[in-house]
Amino acid sequence: MPRPDRKLERRRELAPVLARAFADLGYRRATTAELAERCGVQEKTLYRLWPDKRAIFLAALDQVFAESEALWEHLASARGQSGSTAERLLAYEAEHHGEHRLYRIIFAGLSESDDPLIREALAGLYGRFQRLIQGQVERHRRGRKRASDLDPALAAWAIVGLGTVANIGRELELLKARERARLLGEAGSRLLEGD
């Protein structure tokens with residue numbers, strides 16, 4: 001009897017380690033030898049799971065969204081919390097956004113956006129974040145007495161932009177933690193309400 005193919009399972013196991021490795025090293029400095037070492041596997045193992053370094057990087061980009069989505073789903077399902085899910089997610093992100101530095105993978109990808117597959121993956125990643133946030137904005141605004149002038153899709157893009165600015169502020173030490181929290185919390189709340 002043939003052995004079951006565990007490639008998908010193995011990819012899922014290694015993706016978080018690979019994401020952190022790319023966050024630390026960037027795309028160009030990350031060699032497959034270094035990636036394998038961080039994963040505790042031989043380099044040939046990575047090549048059995050992915051055809052090349054670019055495919056490994058694309059998996060790491062997917063991991064960024066997967067981790068954010070899982071965390072947001074957990075926060076959204078928490079019982080006994082006050083405020084809308086959007087308000088709770090915004091409050092959490094105001095406090096914790098960028099802590100794991102996975103945004104650095106996205107920044108590394110932007111420097112490789114002349115590669116069509118990386119460009120497509122980044123566009124898809126930003127689009128998924130925007131749609132997820134847009135859904136939360138729409139749910140938050142339902143049943144509100146005052147209608148908002150700001151389209152939920154644009155509000156979501158602006159919130160994505162706030163997160164990006166907060167990450168730049170963290171990375172370049174332009175904004176202190178308290179300032180980043182205020183940026184995301186206060187400006188994010190206004191966008192959420194459509195002010």
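Counting begins at 1 with the first residue of the sequence.
For H140 against A86, the heavy-atom pair with the smallest separation is CB-CB, 3.8 Å. In terms of heavy atoms, E87 sits closest to S84 at OE1-N, 2.7 Å. Across all non-hydrogen atoms, the minimal contact from A19 to A60 is CA-CB, 3.8 Å. Between R10 and L49, the shortest heavy-atom contact is CG-CD1, 3.6 Å. In this structure, Y103 and G98 approach most closely via the heavy-atom pair CE2-O, 3.5 Å. Residue A153 comes nearest to Q130 through the heavy atom pair O-NE2, 3.0 Å, listed as atom of the first residue, atom of the second, then distance.
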* Show your working on side chain to side chain contact (heavy atoms under 4.5 Å, CB included) between W50 and L14 and close with a plain yes or no. => CA-CA 11 Å; W50 292 279; L14 297 178; 4.3 Å; yes

* To do: Could you check R141 against L150 for side chain to side chain contact (heavy atoms under 4.5 Å, CB included), going step by step and ending with a plain yes or no?
  => CA-CA 11 Å; R141 290 183 183 176; L150 182 59; 4.2 Å; yes

* Could you give me the CA-CA distance, side-chain angles and deciding distance for D62 and R12, then say whether salt bridge (Lys or Arg N to Asp or Glu O under 4.0 Å) is met? => CA-CA 10 Å; D62 281 341; R12 278 192 220 125; over 6 Å; no

* To do: Would you sort out whether E9 and R6 count as a salt bridge (Lys or Arg N to Asp or Glu O under 4.0 Å), showing the intermediate values?
  => CA-CA 5 Å; E9 181 184 335; R6 292 191 54 234; 3.1 Å; yes

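Separation of atoms CD1 (I105) and CG (L102) is listed at 5.0 Å; rounding is to 0.5 Å. Once rounded to the nearest 0.5 Å, the distance linking CG of L61 with CZ of F65 reads 12.5 Å. A distance of 11.0 Å separates CG in N167 from CZ in R101, rounded to the nearest 0.5 Å. Distance check, rounded to the nearest 0.5 Å: CD of E138 to CG of D151 gives 8.0 Å. Taking CD1 of I168 as the reference point, atom CD of E173 lies at 14.5 Å (rounded to 0.5 Å). Here the straight-line distance linking atom CG of L132 with atom CD1 of I159 works out to 11.0 Å at 0.5 Å rounding.
For R182, the side chain to side chain donor-acceptor pair (under 3.5 Å) partners at least two apart in sequence or on another chain are E186. Partners of E73 under the salt bridge (Lys or Arg N to Asp or Glu O under 4.0 Å) rule, at least two apart in sequence or in another chain, do not exist in this structure. A search for ring pair (Phe, Tyr, Trp, His ring centres under 6.0 Å) contacts involving H96 returns Y92, not counting sequence neighbours. Every residue two or more places apart in sequence or in another chain was checked for a ring pair (Phe, Tyr, Trp, His ring centres under 6.0 Å) with Y47, and none qualifies. Taking the side chain to side chain donor-acceptor pair (under 3.5 Å) definition, one finds that E93 meets it with W72, H97, sequence neighbours left out. In this view, R170 satisfies the salt bridge (Lys or Arg N to Asp or Glu O under 4.0 Å) rule with no residue, not counting sequence neighbours. Listed by chain and residue number, nothing satisfies the salt bridge (Lys or Arg N to Asp or Glu O under 4.0 Å) test with R48 (two or more places apart in sequence, or in another chain). E34 is linked by a side chain to side chain donor-acceptor pair (under 3.5 Å) to R38, counting only residues two or more places apart in sequence or in another chain. Evaluation of the side chain to side chain donor-acceptor pair (under 3.5 Å) rule for R190 yields no partner, not counting sequence neighbours. The side chain to side chain contact (heavy atoms under 4.5 Å, CB included) test applied to T85 returns A76, R88, L89, Q136, not counting sequence neighbours.
Follow the hydrophobic side-chain contacts under 4.5 Å out from F107 and you reach L172 in the same cluster. Hydrophobic clustering of Ile, Leu, Val, Met, Phe, Trp and Tyr side chains at less than 4.5 Å, counting indirect connections, unites V137 with W157. Cluster membership check: L25 does not share its hydrophobic cluster with I56, using side-chain heavy-atom separations under 4.5 Å among Ile, Leu, Val, Met, Phe, Trp and Tyr.
With S189 contributing its side chain and G185 its backbone, the two residues share a donor-acceptor pair below 3.5 Å.
Here ring-ring contact (aromatic ring centres under 6.0 Å, His included) pairs that include residues 13-41, with residues two or more places apart or in two chains, are F22-F57, Y27-F57. Among residues at least two apart or in separate chains, side-chain hydrogen bond (donor to acceptor under 3.5 Å, both in side chains) pairs with a member in residues 105-118 are R28-E112, R54-D115.
Salt bridge absent: E179 and K176 never bring a charged side-chain N and a carboxylate O closer than 4.0 Å.
Taking a 6.0 Å sphere around CD of Q42, one finds it holds 12 or fewer heavy atoms contributed by other residues, nucleotides or ligands. Counting non-hydrogen atoms of other residues, nucleotides and ligands closer than 6.0 Å to CD of E99 gives a total above 12.
Between the side chains of H100 and E67, no donor-acceptor pair is found at a separation under 3.5 Å.
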